[in-house]
Amino acid sequence: MDIEVQSLIFEFIGGIGIFLLGIKFMGDGLQKSAGDRLRDILDRFTSNPFLGVLAGIIVTGLIQSSSGTTVLTVGLVNAGFMTLRQAIGVIMGANIGTTVTAFIIGINIGEYALPILAVGALILFFFKNQKVTAVGQTIFGFGALFFGLELMGSGLKPLSQLEVFHSLTLSMSETPILGVVIGTVFTVIVQSSSATIGILQGLFAEGAMSLEAALPVLLGDNIGTTITAILASIGTSIAAKRAALTHVVFNLIGATIFMLILGLFTSFVTFLQGQLNLNPEMTIAFAHGSYNLMNTAIQFPFIGVLAWIVTKLIPGEDSIIEYKPKHLDPIFIQQSSTVALDQAKAEVIRMGEFAHKGLEETNLYVTTQNQKHSEMAMQVEGALNNLDREITDYLVSIAAGSLSDTESVKHTSLMNSVRDIERIGDHYENIIELIDYKMSNKVNLTEQALEDLNTMFDLTLLTVKQAVESLEKMDREAALEVVQKEDKIDKMERQFRKKHIIRMNEGLCSGSAGIVFVDIISNLERIGDHAVNIAEEVLGE
């Protein structure tokens, strides 16, 4: 008996493992073949909540994981690409999209699992083209999903004979809340509602569980799947935490509503089963699908309320980097190129302030080595690249009209400044990579070197700040000061290099530390150069 029990347990846990691997592989493969298009779908479709729901369904259907979509969404909110309200629509859609897996399981192709696996593996191994291997990976994942299910199913078979299990499901159908708790806990452990619903489909198909007991577990599964988004939101911005919490609140409210009308819902599912002549797996899939559709339909009109609830639960100001430009309205280009240039300039100044902020965060990263600062700096870098594109496009459109001589001069100077500000972002990104290298290779800088870096950072920060201010007010005095400060930066770089060579000769610091140090100060010196270029636009040189 023991050997049997052991093999059953092994089949069951192995089955879950292969199933989860299958879902992950399938999702990754689809993600690779769809590439950045997924982010684009989310970014483009979310102008109104209804489209957000659609985007959520499409993306989740593709990557086979509501948690995956929610995590992507949390990331987009964190990066400032998406507002909380838009995110809520996507998360609702994600809940509907995740039911696709259950429907796939409902189509009984378990006996073909192994050949499907084989086809996927062959494609994976014999083709070098990335697009093709992504397809192979998807097919392999698809096969693994069914193979895992088959194994899980054979591990679950004897459960239906067990007395203990019978009494458990009986008490679950009598006290539905128990089912919800079991569903939630189990999904939190496995971190995939698709897997727990797959198991539920297996149990229901084996006759080990009545529909009355299975539905509450289904509601619990939907609550449990929100744990992934919560884990993903640790250490993110307030807005991203709110997006993750929305996922929880949405599913909690849904589960509560359906627990209150459980009798009705059960008879509805039984009615579907009879009318459509569904097999047990499909019955659960339809229950899962209709629950998420109805839940979204019920809560969709209250997106504003949901947003308000989570804002109350997680109070605070958003420290979000707004990726999108604020001043570039195409209307002005037709009406008045002067106004349009002013708008573009306002956006360039905003971009300049971002560059200063990014450099500040880089400085903090150098001193504290706390990942939080490098993430923030890289976010700002992303914003700089985005603004660089948008402002340049805007300026190009302005140039299509007729510009007076003074306008042309201003136009050229803005074009140049945008390029300089964007380069500042690139240089501080280099510094971050140098610090990452220093940390991963355990390279130590001497106290003296760190002190020198701080001194140079302070001066560079002041120079960049002043350059942006001089551009904003067209202040010649400030611009001249920038030029003087930049001379200082150049001298400082030469002086620190010399000091550093002396340290190396005295054996106080290692060669690799030397490379890191010299590269950082030369990046700072280049940032100074770009600041001067901005100041020279003001001086008209």
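Just so you know, these numbers come straight off a predicted model, no measurement behind them.
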Contacts of F140 meeting ring pair (Phe, Tyr, Trp, His ring centres under 6.0 Å) (sequence neighbours excluded), chain-then-number -> F25
Closer than 4.0 angstrom, basic N to acidic O: yes or no for [X] and [Y]?
X: K357; Y: E361; result: yes
X: R350; Y: E353; result: no
X: D342; Y: K410; result: yes

Under the criterion side-chain contact (heavy atoms from CB on, under 4.5 Å), I'd like the reasoning laid out for K345 against L341: C-alpha separation, chi angles, the key distance, then a yes or no.
CA-CA 6 Å; K345 180 172 172 184; L341 279 171; over 6 Å; no
Nearest heavy-atom neighbours spanning [X] and [Y]:
X: A377; Y: G358; result: CB-O, 3.8 Å
X: M504; Y: S510; result: SD-O, 4.1 Å
X: L524; Y: I489; result: O-CG2, 4.4 Å
X: L445; Y: A513; result: CD2-O, 3.5 Å
X: A243; Y: L84; result: N-CD1, 3.6 Å
X: T225; Y: T187; result: N-CG2, 3.6 Å

Is NZ or CZ of R503 both nearer than 6.0 Å to the six-membered ring centre of F517 and within 45° of the ring axis?
yes
Determine, step by step, whether L461 and K465 satisfy the side-chain contact (heavy atoms from CB on, under 4.5 Å) criterion, reporting the C-alpha distance in whole Å, the side-chain angles of both residues, the deciding distance to 0.1 Å, and the verdict.
CA-CA 6 Å; L461 275 163; K465 191 174 176 136; over 6 Å; no
Identified side chain to side chain contact (heavy atoms under 4.5 Å, CB included) partner of [X] from the options [options]:
X: F457; options: T367, L462, V366; result: V366
X: I88; options: V53, V249, T246; result: T246
X: M456; options: E451, K488, E493; result: E493
X: Y428; options: I432, D426, N430; result: I432

Side chains of [Y] and [X]: any donor to acceptor distance under 3.5 Å?
X: N533; Y: E537; value: no
X: T338; Y: E407; value: yes
X: D436; Y: Y365; value: yes

Yes or no on side-chain contact (heavy atoms from CB on, under 4.5 Å) for F496 and M492, after CA distance, side-chain angles and deciding distance?
CA-CA 6 Å; F496 286 167; M492 205 179 261; 3.4 Å; yes
Around atom NZ of K438, are there more than 12 heavy atoms of other residues, nucleotides or ligands at under 6.0 Å?
yes
I need the R419 CZ to L414 CG distance, nearest 0.5 Å.
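Separation between the atoms: 12.5 Å.
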Report yes if the side chains of N363 and D458 come closer than 4.5 Å at any heavy-atom pair, otherwise no.
yes
So M415 and V396, side-chain contact (heavy atoms from CB on, under 4.5 Å) or not? Walk me through it.
CA-CA 9 Å; M415 274 299 235; V396 169; 3.9 Å; yes
